[in-house]
Amino acid sequence: VISAHYNLCPLGSSDSPTSISVAGIIESTGSIIEVLSKIDSEGGISSNPTSHATSAATSGFAGAVGQKLPSFSSAYTELEAIMYALGVGASVKDPKDLKFIYEGSSDFSCLPTFGVIIGQKSVMAGGLAEIPGLSINFAKVLHGEQYLELYKPLPRAGKLKCEAVVADVLDKGSGVVIIIDVYSYSEKELTCYNQFSLFLVGSGGFGGKRTSDKVKVAVAVPNRPPDAVLTDTTSLNQAALYRLSGDWNPLHIDPNFASLAGFDKPILHGLCTFGFSARHVLRHFADNDVSRFKAIKARFAKPVYPGQTLQTEMWKEGNRIHFQTKVQGTGDIVLSNAYVDLAPTSDISAKTPSEGGELQSTLVFEEIGRRLKDVGHEVVKKVNAVFEWHITKGGNVGAKWTIDLKSGSGKVYQGPAKGAADTTIILSDEDFMEVVLGRLDPQKAFFSGRLKARGNIMLSQKLQMILKDYAKL
């Protein structure tokens, strides 16, 4: 059963913010009020006994199932990932958020829910209108529920190919639920999967099925006090910032549109609230470890105004975190029947490379060690320092290596320095290899924050010179 959602309507707009009409906004809002008036005490949408449809309409909706929408590519850089993170409330006020908003962080990561931005074009670009059998008035399409599943953490930048299909069409009496599945691939590898549940007001009663085993089902929260509660006050600019991630609906920015639509002021995007809540769960139960995030499901219930405080109530049951989100002060539930599935920590440790294993940099350090056997004494005389390297993978330290050029003929070994290191260098495995291959300038990497160093940084320049002389790789 799909609850009405104020915050994303109409859905048939193009990327241009000027393509949405005032009439469309007013008509859409009227439809919302109509649907809300029919929501029963259990949160469902009651059937409409006076609604009838022809057999042609029935066969038309049924014929839409399995139809593919135009495929598209979704490219992004660190800029889009950071803009999204700021749009859903990540802030420098919380040091743990820096990994989401500073591209120079050694563990810079995309927030998992950025996955909805990758897939949203399928329902934002009007492709549904091209599906045979679907006669859609986009002013009456509401976003009811959202499901997102990640098969691996999103890369910090990338280009994904997205394929969308009408998974099913359900008859809810007062309207039709259209289930859109969107699969996003990096090369040929499935990276993330979205399921958009859209409610088409006033088109139900055609005799179709009411349920489907293809739907990712929303789940009621446990009947007990929450295990954790986190709050965040949204900025007055929250909707203005979030819309830069691609939802240009003027309902979220233009006071005149909002007034004509029956609201006191512009309202926040539902998927923005969705992102806030996911951050709360990730922070409290996974310490912001994006590799633990598997899936999220939520039902959109009521609107949020920018400036209001969101309160996420969470219940832990195994690796599933149930949650609901309220507006603090009013007590209105704005996201309901929601959950996040996390990977158990044992699974993550099993996937983490063994110390140095599966890292490309391992081969480089081993080669440096072999070369030092021939020239070690001379190098030690020139450098006389100990360097410790922290090589990261997926935001976590995957291996530590020590290049000891202070004693004997020098040596390279896996693990932290046995004494105090003169210089410690922190770099991702990917960036390390980019430096080795000459595609990333170390100085630029340092000033951009991708390479970090502490201790006697000047010694690292001497090391670089020595390695160029004796260990060309």
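Using a 4.5 Å cut-off on side-chain heavy atoms (C-beta onward), I321 and L342 make contact. Between F300 and L142, every side-chain heavy-atom pair lies at or beyond the 4.5 Å cut-off. Contact annotation: the side chain of H252 never approaches that of R243 to less than 4.5 Å [non-hydrogen atoms, C-beta and beyond]. Considering only heavy atoms from C-beta on, L282 comes within 4.5 Å of P112 through its side chain.
With sequence neighbours excluded, the residues that form a ring-ring contact (aromatic ring centres under 6.0 Å, His included) with Y84 are F114. By the ring-ring contact (aromatic ring centres under 6.0 Å, His included) test, F196 is found to be paired with H143, residues two or more places apart in sequence or in another chain being considered. When the side chain to side chain contact (heavy atoms under 4.5 Å, CB included) test is applied to Y185, the partners found at least two apart in sequence or on another chain are E163, Y183, L190. Residues passing the salt bridge (Lys or Arg N to Asp or Glu O under 4.0 Å) test with D254: none are found, sequence neighbours excluded.
Distance alone, capped at 3.5 Å, places no donor-acceptor pair between the S186 side chain and the T191 backbone. Between the side chain of N194 and the backbone N or O of L148, no donor-acceptor pair lies under 3.5 Å. Within the 3.5 Å criterion, the main-chain N or O of P255 finds no donor-acceptor partner in the side chain of S259. Panel note: side chain T233, backbone T309; no donor-acceptor pair is recorded below 3.5 Å. For the pair K316 (side chain) and G318 (backbone), a donor-acceptor distance under 3.5 Å is present. Put simply, the side chain of T77 never gets that close to the backbone of A157: no donor and acceptor are under 3.5 Å apart. Listed for the Q195 side chain is a donor-acceptor partner under 3.5 Å among the backbone atoms of K216.
Residue F365 forms a ring pair (Phe, Tyr, Trp, His ring centres under 6.0 Å) with just one option from W401, Y413, F387, and that option is W401. The side chain to side chain contact (heavy atoms under 4.5 Å, CB included) with V219 is formed by just one residue from the set R299, K297, R320; it is R320.
Between atom CD of residue Q308 and atom CG of residue D232 there is a gap of 13.5 Å, rounded to the nearest 0.5 Å. The line from CG of L160 to OG of S74 is 7.0 Å long, rounded to the nearest 0.5 Å. With values rounded to the nearest 0.5 angstrom, I117 atom CD1 is found 4.5 Å from S245 atom OG. Once rounded to the nearest 0.5 Å, the distance linking CD1 of I425 with CD1 of I403 reads 7.5 Å.
The environment of K452 atom NZ is dense: over 12 non-hydrogen atoms of other residues, nucleotides or ligands sit within 6.0 angstrom.
Between D431 and R450, at least one side-chain N (NZ, or NE/NH1/NH2) sits under 4.0 Å from a carboxylate O, which counts as a salt bridge. Between D97 and R279 there is a salt bridge, since at least one side-chain N of the basic residue sits less than 4.0 Å from a carboxylate O of the acidic one. The pair K326-E313 meets the salt-bridge criterion, with a side-chain N (NZ, NE, NH1 or NH2) lying under 4.0 Å from an Asp/Glu carboxylate O. At a threshold of 4.0 Å, the pair E317-R224 counts as salt-bridged, since one of the basic side-chain nitrogens sits closer than that to a carboxylate oxygen.
In terms of heavy-atom proximity, A240 sits nearest to I253 at CB-CD1, 3.6 Å. Of all non-hydrogen atoms in A167 and V65, the two that sit nearest each other are O-CG1, 3.5 Å.
Within the structure, ring pair (Phe, Tyr, Trp, His ring centres under 6.0 Å) contacts touching residues 214-244 (residues at least two apart or in different chains) are Y242-H269. For residues 186-201, the salt bridge (Lys or Arg N to Asp or Glu O under 4.0 Å) pairs, not counting sequence neighbours, are K152-E189.
Residues D289 and S291 bring a donor and an acceptor atom of their side chains to less than 3.5 Å of each other. One side chain, Y147 or E149, offers a donor N or O that lies under 3.5 Å from an acceptor on the other. Remark: the S235 side chain and the Q238 side chain contain no N/O donor-acceptor pair separated by less than 3.5 Å.
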